[in-house]
*Asks:* 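Handing you this structure, nothing more for now.
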Amino acid sequence: MPTAPQSTAPIGVFDSGVGGLTVLHELLVALPQEDFLYVGDSARFPYGDRTPAQLRAFSRQIADVLLERGAKLIVVACNSATSSALQDLTAHVAHSGCGVDVIGVVGPESNLAVAQTRSGRIGVLATPATVASGAYERAVLAADPLVKLTSVACPQLARISQDGAPITEADVDLARMYCAPLREAHVDTAILGCTHYPFVGALLQRLLGPQVALITSGTAIARRVQHALSTRELITPRTGEGSYSFLCTGDADAFAEVGSRFLQLPMGAVDHVELADASTSEVPA
Ligand code: DGL
């Protein structure tokens, strides 16, 4: 019989790589007493080019790793996985009978963008998988059916962040091209619909103009996580600082090096976790 989630257990967080560390950063600031366990699936980065069936398979596999290690809540810190796999993952975790909730980044971010806009014109920059899923259209229009949403798929933008290499003129030209439809639509609010994008937030802000409010997944989700823990009576009883640790499926040293820039806090050790080859496995819809 599975045991109920424990308040002293860690919060599990995952992404395709280092991008979700921008979400973890916000969670560490908002919930300093909590413990966190982060999984970066860097061996299978980028998720933005994956099929929905692959994203469902990868998400289930990682959630199982987090549940085996006793996570009390799972945060999908990846917009691509959230867009294509959140529903399936929620059902998968519920089916295990562990009583753990799964929270994704798209809903909270969409609600925050709708609350922020004054003109009703919102832009979203995201991976091809996220844009193709239509998840932001559904979430934004559910919050306000009159909002005009302009979505742009940005195939290379997550790679620029994941590489950790200095930003080049070619990167700027690419970002300028991605931002052009948002400028033409005169959006006053832009959703960074990929957890890797805050790393190029300054570049995007400059290209979109200072009048555009950037909405990130991290800021939006922290309050949602706090709420989930509190209503389920899962807030840690600890009063001091919690701990955080990392697993990644690719090269642990490379992950630690780039990751520390995203997290803006010391990373400590990163352990490698080997997942059964799910690179070709798919969970049908
Ligand atoms: N960080 C991931 C997201 O939020 C995607 C980057 C990728 O793996 O393509 O969508």
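Counting from 1, the numbers follow the sequence of the chain as shown. Counting starts at 1 for both ligands and their atoms, in listed order.
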*Asks:* Taking non-hydrogen atoms only, is Thr127 closer than 4.0 angstrom to ligand 1 via side chain, backbone, both or neither?
*Replies:*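 The answer is the side chain of Thr127.
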*Asks:* Quick check on Gly17 - does any of its heavy atoms sit under 4.0 Å from an atom of ligand 1?
*Replies:*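 No; Gly17 lies far enough from ligand 1 that no heavy-atom distance drops under 4.0 Å.
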*Asks:* Could you give me the CA-CA distance, side-chain angles and deciding distance for Glu34 and Lys72, then say whether salt bridge (Lys or Arg N to Asp or Glu O under 4.0 Å) is met?
*Replies:* CA-CA 11 Å; Glu34 297 291 342; Lys72 64 180 174 185; 2.6 Å; yes
*Asks:* Which of the numbered atoms in ligand 1 are under 4.0 angstrom from any heavy atom belonging to Ser16?
*Replies:*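 This gives 2 (C), 5 (C), 6 (C), 7 (C), 8 (O) as the contact atoms.
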*Asks:* State whether Asp88 and Arg60 are salt-bridged, where the test is any N-O pair (Lys NZ or Arg NE/NH1/NH2 against Asp/Glu carboxylate O) under 4.0 Å.
*Replies:*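 A salt bridge links Asp88 with Arg60.
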*Asks:* Tell me, which protein residue and heavy-atom name are nearest atom 3 (C) of ligand 1, and how many Å apart are they?
*Replies:*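 Checked against all protein heavy atoms, atom 3 (C) of ligand 1 sits closest to Asn79 N, 3.3 Å.
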*Asks:* Name the closest protein heavy atom to atom 9 (O) of ligand 1, giving the residue it belongs to and the distance to 0.1 Å.
*Replies:*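 Ranking protein heavy atoms by distance from atom 9 (O) of ligand 1, first comes Gly48 N, 2.8 Å.
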*Asks:* Check for me whether Arg50 meets the cation-pi criterion with Phe58, that is, NZ or CZ under 6.0 Å from the six-membered ring centre and within 45 degrees of the ring axis.
*Replies:*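 Geometry flag: not set, cation outside 6.0 Å or 45°.
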*Asks:* Students should be able to answer this: which protein heavy-atom is nearest to atom 10 (O) of ligand 1, and at what distance?
*Replies:*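 Ranked first by proximity to atom 10 (O) of ligand 1 is Ser80 OG, 2.7 Å.
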*Asks:* Which of the atoms in ligand 1, numbered in the order shown and given with their element, are less than 4.0 Å from a heavy-atom of Asp15?
*Replies:*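 Atoms satisfying the 4.0 Å criterion: 1 (N), 2 (C).
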*Asks:* Does atom CZ (Arg261) have a neighbourhood of more than 12 heavy atoms from anything else shown, all under 6.0 Å?
*Replies:*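 For Arg261, atom CZ is crowded (more than 12 foreign heavy atoms under 6.0 Å).
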*Asks:* For atom 7 (C) of ligand 1, what's the nearest protein heavy-atom neighbour? Residue, atom name and distance, please.
*Replies:*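 Scanning the protein heavy atoms, the shortest distance from atom 7 (C) of ligand 1 goes to Tyr47 N, 3.3 Å.
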*Asks:* With atoms numbered from 1 as shown, which atoms in ligand 1 lie under 4.0 angstrom from a non-hydrogen atom of Ala158?
*Replies:*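 Close to Ala158: 6 (C).
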